[in-house]
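Following: one structure in structure tokens, then a few remarks.
Positions are given from 1, in the same order as the sequence printed here.
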Amino acid sequence: MAGRISQAQIEEIIDRNNIVSVVGEYVHLKRSGANYMGLCPFHNEKTPSFSVNESKRLFKCFGCGKGGGVVQFIMLAENLDYVGSLEFLARRAGIEIKYENGKSENDDKLKLKNDILSLNEKAQAFFKDGLARSKEAQNYLAQRGLDQETVNKFGLGFAPDDWEQLTKICTYGPLGVSPELMVSAGLALKRDNGTCYDRFRNRVMFPIFDETGRIIAFGGRVMDKSLPKYMNSPETAAYNKGSHLYALNFARKSGSKQVIIVEGYMDAIALHQKGITSAVASLGTALTIGQARLLKRYFEEVIIGYDSDSAGQTATVRGMEILAAQGLRVRILKLGVVDSEVKDPDEFLRKHSAEDFMVCVEKAETLVNFKIEIAARRFPPEKESELPDFIRQTVKIIAAEPSASVRAVNIASVSKKYGIDEVSLKEDVEAAASGDAPLINTERVQGAYKRVQYRKGEENAAQSPELSPDGKRLDRLEKRMIIYLADNPSDIPAYIDKCREEFCFEDNKNLANILHSWYINGYAVKRETLLVDCSSKLSSELTDEFEQVGSMTTAAELLKNLKKFRFKYEYGLLTENLRSARTPEEKSAAMKKLNELIRSSRT
């Protein structure tokens, strides 16, 4: 049983993990005098305020206030506890931890995890032996274009068509593994009578590695047309699907700052075999925030190469929003640049060279262009009846870009491609970007196309002032309530009306209504799906609050704090209105509203 980590070994772990080297895997650092500076990974900022001092072995962000040593940094960056962070750093430095006597609260979980990792190694040896014995499986892999070097690199194997062979080998004889561990590891299933049988049978096996190369799970694929085509390990103490990426253990060593993320094992393997080693697979189409953060640790740009079918395109948009919210540059692979007939990278590379594939990478589309293409398919701009909706969508997409220069480039591109008057389009985009009133009507412009006009609520209306501290806190609380509902969709019917009544900010009200719509229409409600239709700014703001909502968060506590800060925010606004009132009538109206607010807070 594991115990405490000695102080001597803690000091060794810290000594062997240079803080500049560790932080540099997450943050682009530049030397500035005695310190290294970079953009803080724990809050959004444009001017570097994150400092690392190598001699003192400390980091400090002067923007958000977070600071500490290398262990505290990993606790924040990896969302680990103190012991978990030490173990993470020990693995990074190749240190074997020797635990002292004494039991900690993490011991049982850690022991189970280590037992599963050890068992996975034995299962991998079994599957590799199975492949060596199966000519059918060898021929299948050869037909898929995989050479022996690639098979060995990825540790591919084969699970025989036998109900209990792996279970018997592991549970009987010298290995002596318990049936319960076989089930906990996801390698076996339990019958009603209590006996166990193998989960994977008559399948080509793909070991799934974590970023350090440990086998954490398996995926199995049939060699015929039977279903299910793919079968994967369930989540275990060693494996969380949303926290890992297939082939990242190889891709992170590629030396490239650009990663290509594909959908399936075979897509990633095909790319590596062709020498494109900065490729990973997302173990499914639903990219998670955890995976995005993992990519951010090693790369700066992501090329998404999901399938070209509708499900793949939907996943691509979701994935791009999640990745962009983490500060990664994102583009979409368009295989049709070279071959419009192929659907995925594996199929492409069986017909074309690696050089052809890299042509597609070089011509990969930006997020804006990809979303505008989707809008054009949904609302064909050549149809006069669809044109206003296409322009509305296009304006919304371009306006979400925070850089005025990038917006100008996108406006010029859309204008040229779709024949929309550039001056009119620019006016609409800039109006939307500055927060003016929503689209309300359309009118004719040059080139037989229409433009969308924005009407301001009041003539010469001033830009909305920055929120007060109470307003900012209220906004964050509203977002936390939305995240809570995304985590607990069964509570949506009970609290949606409260959200509509209590929320002050329209973006948050709209998100709450979207969640409710998804729920009543039977769609999956998850944190990540919140980011799909959000602007980059709103996505980032939501992501900042994700870690503030956990299993102990309650709706009642959120609503209590929300009401408190709504009162403080509205009281501040009305007090300011009273101070700035110029006429007796304005002062009287402001005082009346202030008194109404105070009375309503007492009921």
Spacing of L294 atom CG and K296 atom NZ [to the nearest 0.5 Å]:
13.0 Å
Looking at R252 and E211, is there a salt bridge between them, counting it only when a charged N and a carboxylate O are closer than 4.0 Å?
no
Suppose we screen for side chain to side chain donor-acceptor pair (under 3.5 Å). Which residues come up paired with R566, at least two apart in sequence or across chains?
E570
If you apply the rule side chain to side chain contact (heavy atoms under 4.5 Å, CB included), what do you find for I398 with I372, and how did you get there?
CA-CA 9 Å; I398 298 175; I372 290 173; 4.1 Å; yes
Tell me whether E301 contacts the main-chain N or O of V330 through its side chain, where contact means a donor paired with an acceptor under 3.5 Å.
no
Mark yes or no for whether N410, through its side chain, and V406, through its backbone, hold a donor-acceptor pair below 3.5 Å.
yes
Short side-chain to backbone donor-acceptor contact, S85 and M75, under 3.5 Å
yes
Given side chain to side chain contact (heavy atoms under 4.5 Å, CB included), test K257 with R329 step by step and report yes or no.
CA-CA 11 Å; K257 287 299 181 182; R329 296 195 306 273; over 6 Å; no
Is the backbone N or O of S21 less than 3.5 Å from a side-chain atom of N18, with the two atoms forming a donor-acceptor pair by type?
yes
Side chain to side chain contact (heavy atoms under 4.5 Å, CB included) between F209 and L248: does it pass, once the steps are laid out?
CA-CA 8 Å; F209 303 92; L248 180 61; over 6 Å; no
Quick check on K564: does its NZ atom have over 12 non-hydrogen neighbours (other residues, nucleotides or ligands) under 6.0 Å away?
no
What's the verdict on side chain to side chain contact (heavy atoms under 4.5 Å, CB included) for D475 and Y569, showing C-alpha distance, side-chain angles and the deciding distance?
CA-CA 10 Å; D475 181 45; Y569 171 60; over 6 Å; no
How far does CG of L287 sit from OH of Y306, to the nearest 0.5 angstrom?
4.5 Å
Nearest 0.5 angstrom please: F73 CZ to L89 CG, how far?
10.5 Å
Does any part of the side chain of V262, heavy atoms only, come nearer than 4.5 Å to the side chain of D344, both counted from C-beta?
no
Derivation of the ring-ring contact (aromatic ring centres under 6.0 Å, His included) call for Y230 and F206
CA-CA 10 Å; Y230 286 98; F206 301 80; 7.0 Å; no
Is the number of heavy atoms from other residues, nucleotides or ligands under 6.0 Å of K153 NZ greater than 12?
yes
Apply ring-ring contact (aromatic ring centres under 6.0 Å, His included) to Y265 and F154, showing your working.
CA-CA 10 Å; Y265 309 125; F154 285 90; over 10 Å; no
Show, in sequence, the C-alpha distance, side-chain angles and deciding distance for Y36 and F50, and conclude whether the ring-ring contact (aromatic ring centres under 6.0 Å, His included) test is met.
CA-CA 8 Å; Y36 291 82; F50 184 87; over 10 Å; no
Nearest-0.5 Å distance that lies between atom NZ in K241 and atom OG in S233:
11.5 Å
Within the distance-only criterion (no hydrogens, no angle test), does the side chain of T277 pair as donor or acceptor with the backbone N or O of H272 below 3.5 angstrom?
no
Considering all heavy atoms, the nearest P207-Y246 contact:
O-CE1, 3.4 Å
For a quick test of reading the model, state the closest non-hydrogen atom pair linking L477 to N561 and the distance between them.
CD1-O, 3.6 Å
Check: D346 side chain, A270 main-chain N or O, donor-acceptor pair, under 3.5 Å
no
Cut-off 3.5 Å, side chains only: do S243 and N240 have a donor facing an acceptor?
yes
Could you pull out the closest heavy-atom pair between D15 and R57, with the gap in Å?
OD1-NH1, 2.6 Å
I261 and I303, any side-chain heavy atoms less than 4.5 Å apart:
no
Distance (rounded to the nearest 0.5 Å) between D356 CG and L349 CG:
9.0 Å
Have a look at P41 and tell me which of L76, V23, V27 forms a side-chain contact (heavy atoms from CB on, under 4.5 Å) with it.
V27
Mind checking what makes side chain to side chain donor-acceptor pair (under 3.5 Å) contact with R476, not counting sequence neighbours?
none
Please tell me if the side chains of N508 and I482 come closer than 4.5 Å, counting only heavy atoms from C-beta onward.
yes
Check whether any side-chain heavy atom of R214 sits under 4.5 Å from a side-chain heavy atom of R91, and report yes or no.
yes
Mind checking whether F42 and F59 have parallel, tilted or perpendicular rings, split at 30° and 60°?
tilted
Give me the atom names and distance for the closest heavy-atom approach of A555 to M481.
CB-CE, 3.9 Å
Are any of the side-chain nitrogens in R480 or E545 under 4.0 Å away from the carboxylate oxygens of its partner?
yes
Check: L333 main-chain N/O paired with E365 side-chain donor or acceptor under 3.5 Å
no
Could I get the full list of side chain to side chain contact (heavy atoms under 4.5 Å, CB included) partners for I216, not counting sequence neighbours?
L117, I208, D210, Y239, H244
May I ask you to test the C40-C64 pair for a side-chain heavy-atom distance under 4.5 Å?
yes
Taking atom types as modelled, find out whether T554 and Y484 have a side-chain donor-acceptor pair closer than 3.5 angstrom.
no
Heavy-atom side-chain proximity of C499 to L485 below 4.5 angstrom:
yes
Shortest non-hydrogen pair, L39 vs T47, comes out as CD2-C, 3.9 Å
Checking side-chain polar atoms at under 3.5 Å, does S55 have a donor or acceptor matched by the opposite partner on N53?
yes
For the residue pair F370 and M320, establish whether any side-chain heavy-atom pair is separated by less than 4.5 Å.
yes
Between S49 and H43 the two heavy atoms that sit nearest each other are OG-CE1, 4.1 Å
Any donor-acceptor N/O pair, S32 side chain to N35 backbone, under 3.5 Å
no
Between atom OG of S278 and atom OH of Y298, what is the distance when rounded to the nearest 0.5 Å?
14.5 Å
Between the side chain of Q72 and the main-chain N/O of G69, is any donor-acceptor distance below 3.5 Å?
yes
Does any non-hydrogen side-chain atom of Q9 lie less than 4.5 Å from one of E96?
no
salt_bridge(E430, R407) N-O dist < 4.0 Å:
yes
